[in-house]
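What follows is a set of notes on a single structure, which appears directly below.
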Amino acid sequence: MSDAPPGRLAGGQVDELRPGLIRVVAPNPSFMTGPGTNSYLLGGREAVALVDPGPDDPAHRSLLLASAPGPIRYVLVTHHHPDHAPGTAAIVELEGATLLAYGKPGIVEPAAELRDGDRVVVPGWSLKAIETPGHASDHLCFFAEPFAEPGGEPERGAAAEPAPAAPGAVLLSGDHVLAGTTVVVPPPDGDMSAYLDSLRRLAALRPPPVAIAPGHGELIDNPERLLAFYLEHRLEREVQVLDALRRLGSARA
C-alpha cells in the first residue's frame, strides 16, 4: 500500500499493520516529527476509531477518509500538541464522529473525557486508555487489543466489555515512546517525574503488548526492550545532571 522505500516512511504512506489496524502518515515531516505524524485507523465496515488526526491538512484528511474501512465513529487524541490534534475538528464535522480525549481547555475539548481504564470498542478492537502524563499533561496511550468480533453494535465506555482478547495487543503510544529516538519532555506542561512514572506503568503492562505503534516512526516490535532502554537512558541522564550540579554548583533553568 506504499511507494516509499522499505524501512522509510513518508507523508501520504498508508500501511495495514495488522488486520483492521491502518497507519496513515501525515505530510508534515520535520526535525521534531520525523517523517510525519502517524494517524491510526482501527475497526471495520460498521465503525472505525481514528487515533490522532494530525495536522489540519486537506490532503491528509482526504486520505484518512479514503483509507477508513468504514465510517469514522470516534476520534481519539493522544495529546493536544499541534502535530497531533488540529485535524480533529474537520473530521468530527464531516463524519459526525465523537471526539474522545483527556482534554485540554481551549485546545482539545472532547465530547466525552477519557480517563484511565476507559475503553472504546469498535469491530475487532478494544482500545483501553492509559493515562501517561509526562511529554504532555493530557497525554494518553491506548492499549489496543484485537478480539473475535461477536457481532452487534459497538459500545463506548468503561463498562464496555468485548469478547475475550486475542493475543497480539498493540500499544498506540502517541509521543510517549517513539521509534529511533527518545522523547522531548518540554516544561512547563511536560514533567520528567511524571514521564518516568508513566514509563514504568507501560513497562509493567501484563500481558505486554507485542508491538508499539508510535506517533512518529516505524512500528516497534520489541516493546519490553525499548521501554527498558528508555528508563535506563533517562536515569543515566539524571545522574549526569546531578554530577554536573555537584561540580558546578547551583543552576537556573
Side-chain angles (χ1 to χ4, degrees), residues 1-18 20-43 48-95 97-102 104 107-110 120 122 125 127 132 135-136 138-142 144 170-184 186 211-220:
M1 301 178 70
S2 168
D3 295 325
R8 291 180 57 189
L9 295 182
Q13 183 169 338
V14 181
D15 296 289
E16 186 168 32
L17 305 176
R18 299 283 192 276
L21 170 57
I22 296 168
R23 177 185 61 206
V24 183
V25 184
N28 61 335
S30 73
F31 174 75
M32 295 298 291
T33 62
T37 301
N38 291 334
S39 300
Y40 294 99
L41 298 159
L42 299 95
V48 172
L50 165 61
V51 178
D52 281 351
D56 188 17
D57 180 272
H60 183 56
R61 181 166 59 249
S62 295
L63 189 56
L64 286 171
L65 295 174
S67 302
I72 297 175
R73 292 277 187 88
Y74 307 114
V75 176
L76 283 60
V77 175
T78 60
H79 63 298
H80 70 277
H81 286 174
D83 54 327
H84 289 260
T88 299
I91 295 285
V92 166
E93 182 177 356
L94 286 169
E95 293 286 274
T98 300
L99 171 58
L100 306 171
Y102 188 95
K104 191 73 172 177
I107 304 177
V108 176
E109 297 183 335
V120 178
V122 291
W125 291 92
L127 291 85
T132 49
H135 174 72
D138 62 323
H139 199 287
L140 296 172
C141 291
F142 296 100
V170 177
L171 181 71
L172 306 182
S173 66
D175 277 358
H176 198 73
V177 179
L178 301 177
T181 186
T182 54
V183 173
V184 174
I212 295 175
H216 307 277
E218 293 280 4
L219 191 73
I220 299 161

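- With hydrogens and angles ignored, the 3.5 Å screen pairs a side-chain donor or acceptor of Ser30 with a backbone N or O of Thr33.
- Remark: the backbone N or O of Arg23 is not paired with any side-chain donor or acceptor of Asp15 at under 3.5 angstrom.
- Side-chain contact between Leu100 and Pro110 is absent, with no heavy-atom pair separated by less than 4.5 Å.
- Salt bridge absent: Arg61 and Glu95 never bring a charged side-chain N and a carboxylate O closer than 4.0 Å.
- The two residues Val77 and Ala85 have their closest heavy-atom pair at CG1-CB, 4.0 Å.
- The backbone N or O of Leu140 lies less than 3.5 Å from no partner atom in the side chain of Thr78, so there is not a single donor-acceptor pair.
- Rounded to the nearest 0.5 angstrom, Glu93 CD and Leu99 CG are separated by 13.0 Å.
- At distances below 3.5 Å, not a single donor-acceptor pair connects side-chain atoms of His216 with backbone N or O atoms of Pro35.
- Each of His139, His79, His84 was checked for a ring pair (Phe, Tyr, Trp, His ring centres under 6.0 Å) with His176, and the lone residue meeting it is His139.
- Judged purely by atom type and a 3.5 angstrom limit, Thr37 uses its side chain to pair as donor or acceptor with the backbone of Asp83.
- Taking CG of Asn38 as the start and CG of Leu219 as the end, the distance is 9.5 Å to the nearest 0.5 Å.
- Here the side chain of Asp138 pairs a donor or acceptor atom with the backbone of His80 at under 3.5 angstrom.
- Side-chain contact check for Leu17 versus Tyr40: some heavy-atom pair is nearer than 4.5 Å.
- Here the CG-CD1 distance, from Leu42 to Ile22, works out to 8.5 Å after rounding to the nearest 0.5 Å.
- Distance check: Ser173 OG to Ile220 CD1 gives 5.5 Å after rounding to the nearest 0.5 Å.
- Between Val120 and Leu76, some side-chain heavy-atom pair lies under the 4.5 Å cut-off.
- Contact of the Ile212 side chain with the Val170 side chain is not registered, since no non-hydrogen atoms from C-beta on lie closer than 4.5 Å.
- For the pairing with Leu50, the side chain to side chain contact (heavy atoms under 4.5 Å, CB included) check across Leu64, Leu65, Thr88, Val92 returns one residue only, Leu64.
- When all heavy atoms of Pro86 and Asp56 are compared, the closest pair comes out as O-CB, 3.7 Å.
- Going from atom CG of Leu127 over to atom CG of Leu171 covers 10.5 Å, rounded to the nearest 0.5 Å.
- Formation of a donor-acceptor pair under 3.5 Å by the His60 side chain with backbone atoms of Pro53 is found in this model.
- No donor-acceptor pair closer than 3.5 Å links the side chain of Tyr74 to the backbone N or O of Val51.
- In plain terms, the two heavy atoms of Val25 and Ala10 that are nearest each other are CB-O, 3.4 Å.
- The two residues Asp57 and Pro27 make their nearest non-hydrogen contact at OD1-CG, 3.7 Å.
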